[in-house]
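Contents: one structure, followed by commentary.
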Amino acid sequence: MNIESILQKRLQDAVEQLFGFTPAEGVLQLQQTRKEFEGDLTLVVFPLVKLARRSPADTATLIGEHLRAHAPEVEAFNVVSGFLNITLHDRVWLALLQEAFRDDRYGLKAAAGDEGVVMIEYSSPNTNKPLHLGHIRNNLLGYSLAEIMKGNGRTVVKTNIVNDRGIHICKSMYAWQQWGEGKTPENTGIKGDHLVGDFYVLFDKQYKKEIAELEAGGMAREEAENQAPSMQAARELLRKWEARDPETIALWQRMNGWVYAGFDATYRELGVNFDKIYYESETYLQGKEEVLRGLGEGLFYQREDGSVWADLTAEGLDHKVLLRSDGTSVYMTQDIGTAKMRFDEYPINQMVYVVGNEQNYHFQVLSHLLDKLGYRWGRDLYHFSYGMVELPSGKMKSREGTVVDADDLIAGMVEVARKMGQELGKLEDVTDEEAGKTYKMIALGALKYFILKVDPRKNMTFNPEESIDFNGNTGPFIQYTHARIMSVLRKARENQISLSTTFPPGMTLEAKEKELLKTISEYPGVVTEAAASYSPALLANYCYEIAREFNQFYHDHSILNEPDPDKTNFRLVLSECVVKIMKSGMGMLGIGMPDRM
RNA sequence: GCCCUGGUAGCUCAAUUGGAUAGAGCAACGGCCUUCUAAGCCGUAGGUUAUGGGUUCGAGCCCCGUCCAGGGUACCA
């Protein structure tokens with residue numbers, strides 16, 4: 001039973017007895033008392049005053065007096081303009097600490113039973129170029145969301161749909177055939193995804209040149225884009241691929257293999273992973289089948305040129321193409337096929353797509369299409385729509401070379417972390433290997449926190465000129481706080497201090513201690529809310545808050561040099577709880593906590 | 001054109017979903033290490049929440065208008 005719900009009950013009793021009515025859901029609004037006022041929790045009394053037929057101040061005072069007389073947890077109260085500030089006995093907070101300390105999974109929810117799985121699709125790269133900053137946000141959000149769901153007792157399947165087929169990879173293939181000179185990751189030492197990406201860029205250059213030449217020859221833009229020889233060649237490759245031409249398939253497999261090896265390395269660096277990977281090349285035919293079934297059942301219609309369409313005007317949307325006139329499938333077709341395969345293979349209770357907000361319309365359509373096709377889960381799919389990462393100059397554009405490459409970014413961060421760590425000289429007594437691991441943990445902590453602390457729905461700005469901070473509201477700040485606590489706990493162990501959750505009866509709390517306890521009490525609610533609102537940012541900001549709170553406490557009060565052994569014990573238990581929460585909370589963000597730094 | 005987002009300190013972000021005097025960090029300035037890690041702590045300064053109206057006990061948040069930015073908009077993904 002948490003503190004807030006106990007107080008809720010007390011308040012309800014008070015209102016019933018004082019005013020003779022049962023407050024409706026949401027009328028008793030409790031919130032944390034703001035720091036500038038005396039108290040722990042605050043009741044907003046405005047919603048009550050009409051029914052109580054009293055002034056806000058009277059209502060608050062009456063409730064406050066009733067609480068003091070009947071609620072043993074309540075020590076004092078004060079009323080400030082319609083706000084009833086309630087102070088709880090220190091023993092309430094100490095009881096909370098005991099509970100938090102004893103529960104290994106404090107704040108996390110027990111497994112929910114046979115609710116089915118939550119499948120979370122994220123990452124979903126194209127195989128024609130390496131991952132960039134935008135993908136990083138996607139990967140971090142997807143992974144973190146999965147961990148948050150797990151923390152809330154859900155069974156999660158993390159999945160990735162690799163867009164391994166289509167015109168984009170054919171462009172890279174064609175360019176490699178033309179100008180590759182047999183280059184491979186092995187004989188060039190270039191990471192596979194980057195090598196393939198280089199050829200994609202080469203293709204684009206050539207293509208642009210051809211368009212310009214054709215336009216100069218008097219051809220219309222659109223016509224030129226279609227007629228350009230390199231585009232024709234790429235289309236020819238796609239056609240051959242669909243016809244299973246052995247040579248084309250072999251090249252496709254070879255180049256995709258390079259890309260996968262590259263992606264795997266990046267995923268490993270980022271610390272993300274998947275339980276099940278789907279490949280578009282294996283799902284798109286299923287999609288086609290489903291669309292044709294829908295056509296047969298009269299759900300869709302065919303135009304004279306042979307293309308297949310869905311009419312979604314009744315749903316307030318538009319007409320949407322599902323199969324091109326040449327019979328090839330579009331993105332939507334593939335998503336239908338993938339969805340069907342997934343639901344055939346897993347007992348999915350909820351399907352979550354982590355995909356940027358530029359595809360809001362796509363998922364609205366997909367939801368309706370699946371619904372039409374008879375999958376009741378279609379309606380309930382959740383598009384976790386996140387904002388894009390922008391540079392100070394605006395959107396990242398691969399064609400203009402302004403994308404921030406994922407591998408470069410990570411490597412750069414690690415370098416900064418190493419340099420800074422060496423300047424501070426904190427890890428001189430550990431092995432180089434140990435230090436290296438820590439620097440990496442810090443670098444990734446900085447990067448991940450930087451991205452995850454922002455509300456996922458909003459666009460965010462990343463400035464590559466200024467490297468990500470390691471001070472202030474950052475991942476390393478939280479990691480550092482953790483390392484300091486671990487250091488104290490180590491020393492306590494060395495001094496043979498054993499911890500006890502039995503606190504002396506009359507023990508009183510310092511202000512900073514109580515603030516920390518209040519923050520600890522909020523953790524379970526934050527975990528719940530992070531899942532309910534799909535927001536790792538909530539957890540990130542909470543972890544920062546508790547770290548800040550701890551640092552203030554740590555600054556003001558000594559733990560091991562405190563003369564009163566009961567206080568030392570209490571503070572160690574408190575510290576242990578903070579460590580536990582940091583590991584758990586930051587763990588759900590995919591951020592590791594070092595024992596020293 | 002139409003549809004959907006968003007606009008908060010110089011910069012990057014918060015704001016318990018309608019609650020108190022809008023908070024943090026960075027950058028600037030000033031203080032705190034013979035004491036558990038100074039990647040820390042404390043302080044100063046910085047705001048007409050794009051803008052004009054409206055709703056009510058109460059609005060950064062809800063409604064309407066305007067401006068600005070981003071995204072989408074029938075055979076790209």
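Throughout, protein chains are lettered first and strands after them, A, B, ... in sequence-line order, and every chain is numbered starting at 1.
Closest approach to the A/Ser325 side chain among B/rG19, B/rC75, B/rU37 is made by B/rC75 (side chain taken as heavy atoms from C-beta onward). Comparing B/rU17, B/rC57, B/rU37 by their closest approach to the side chain of A/Arg596 singles out B/rU37. Relative to the side chain of A/Ser558, the nucleotides B/rG71, B/rG25, B/rC36 differ in distance, and B/rC36 lies closest. Checking B/rA14, B/rG19, B/rU37 against the side-chain heavy atoms of A/Ala483 singles out B/rU37 as nearest. Of the candidate nucleotides B/rU73, B/rC36, B/rC26, B/rU73 has the atom lying nearest to any side-chain atom of A/Asp318. Taking every side-chain heavy atom of A/Asp455 into account, B/rA14 is the closest of B/rU12, B/rA14, B/rC36. When the nucleotides B/rA77, B/rC57, B/rC13 are ranked by their closest atom to the side chain of A/Thr461, B/rC13 comes out on top.
Within the 6.0 Å centre-distance limit, the rings of A/Tyr382 and A/Tyr534 are counted as a close aromatic pair.
For the pair A/Glu494 CD and B/rU37 C1', the interatomic distance rounds to 14 Å; values are reported in whole Å. Across the protein-nucleic acid pair, A/Ile485 atom CD1 and B/rC41 atom P stand 12 Å apart, rounded to whole Å. Rounded to an integer number of Å, the gap from A/Met396 CE to B/rG70 C1' is 14 Å. Taking atom CE of A/Met332 as the reference point, atom C1' of B/rA74 lies 11 Å away to the nearest angstrom. B/rG25 atom C1' lies 14 Å from atom CE of A/Met460, rounded to whole Å. For the pair A/Trp309 CH2 and B/rA74 P, the computed distance is 9 Å after rounding to whole Å. Following rounding to the nearest Å, A/Leu538 (CG) and B/rG23 (P) show an atom-to-atom distance of 19 Å. Distance A/Leu7 CG to B/rU16 P: 20 Å, rounded to the nearest Å.
For B/rC33, the O4'-C1' to base torsion is within 90° of 0; the nucleotide is therefore syn. B/rU55 takes the anti form, because its glycosidic angle lies more than 90° either side of 0.
Of the charged side-chain nitrogens involved, at least one lies within less than 4.0 Å of a carboxylate oxygen, so that A/Arg457 and A/Asp455 count as a salt-bridged pair. Between A/Glu494 and A/Lys491, no side-chain nitrogen of the basic residue sits less than 4.0 Å from a carboxylate oxygen of the acidic one, so the salt-bridge criterion is not met.
Atom CD of A/Gln227 has more than 12 heavy atoms from other residues, nucleotides or ligands within 6.0 Å. Around NZ of A/Lys440, the count of heavy atoms belonging to other residues, nucleotides or ligands within 6.0 Å does not exceed 12.
Between A/Lys395 and B/rA69 there is no side-chain N or O to OP1 or OP2 distance below 4.0 Å. Taking only side-chain nitrogens and oxygens, A/Asn459 never comes nearer than 4.0 Å to OP1 or OP2 of B/rG6.
Only the C1' atoms considered, B/rC13 is 23 Å distant from B/rU51, to the nearest whole Å. Between the P atoms of B/rC36 and B/rA20, the separation comes to 41 Å (whole Å). Taking atom P on both B/rG43 and B/rU48, the two are 24 Å apart, rounded to the nearest angstrom. The separation of B/rG60 from B/rG47, taken at their C1' atoms, amounts to 12 Å, rounded to a whole angstrom. Using P as the reference atom, B/rG10 and B/rG53 are 23 Å apart when rounded to the nearest Å.
Checked options A/Ile520, A/Ile485, A/Val579; the residue passing with A/Leu574 is A/Ile520 (criterion: side-chain contact (heavy atoms from CB on, under 4.5 Å)).
Across all strands, A/Gln31 comes closer than 4.0 Å to base atoms (heavy-atom distances). Among the protein residues, A/Ile442 comes within range of the nucleic acid bases, having at least one heavy atom under 4.0 Å from a base atom. Contacts of A/Asn85 with the nucleic acid, taken as non-hydrogen atoms under 4.0 Å apart, include base atoms. Nucleic acid contact class of A/Glu545 (heavy atoms, under 4.0 Å, all strands): none.
The aromatic ring of A/Tyr554 does not sit over the base of B/rG40; the criterion of centres under 5.5 Å apart with planes under 30° is not met. Stacking of the aromatic ring of A/Phe83 onto the base of B/rA20 is found: the ring centres lie under 5.5 Å apart and the planes are inclined by under 30°. Here A/Tyr480 does not pack flat against the base of B/rU37, since the 5.5 angstrom centre distance and 30 degree tilt limits are not both met. A stacked arrangement is not assigned to A/Phe477 and the six-membered base ring of B/rG40, the conditions of a centre distance below 5.5 Å and an interplanar angle below 30° not being jointly met.
With RNA chain B read from its 5' end, the first of the two nearest nucleotides for A/Phe470 and A/Ser81 is the one closest to A/Ser81. The residue among A/Asp326 and A/Gln552 whose nearest nucleotide of RNA chain B is located toward the 5' end is A/Gln552.
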- Please lay out, stage by stage, how A/Asn551 and A/Phe477 fare under the test side chain to side chain contact (heavy atoms under 4.5 Å, CB included). CA-CA 10 Å; A/Asn551 281 331; A/Phe477 171 92; 3.1 Å; yes
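Pair check for B/rG43 finds B/rC29; Watson-Crick or G-U wobble, both atom distances under 3.5 Å.
With a 6.0 Å cutoff to the six-membered ring centre and a 45° limit on the axis angle, A/Arg165 counts as a cation-pi contact of A/Tyr284.
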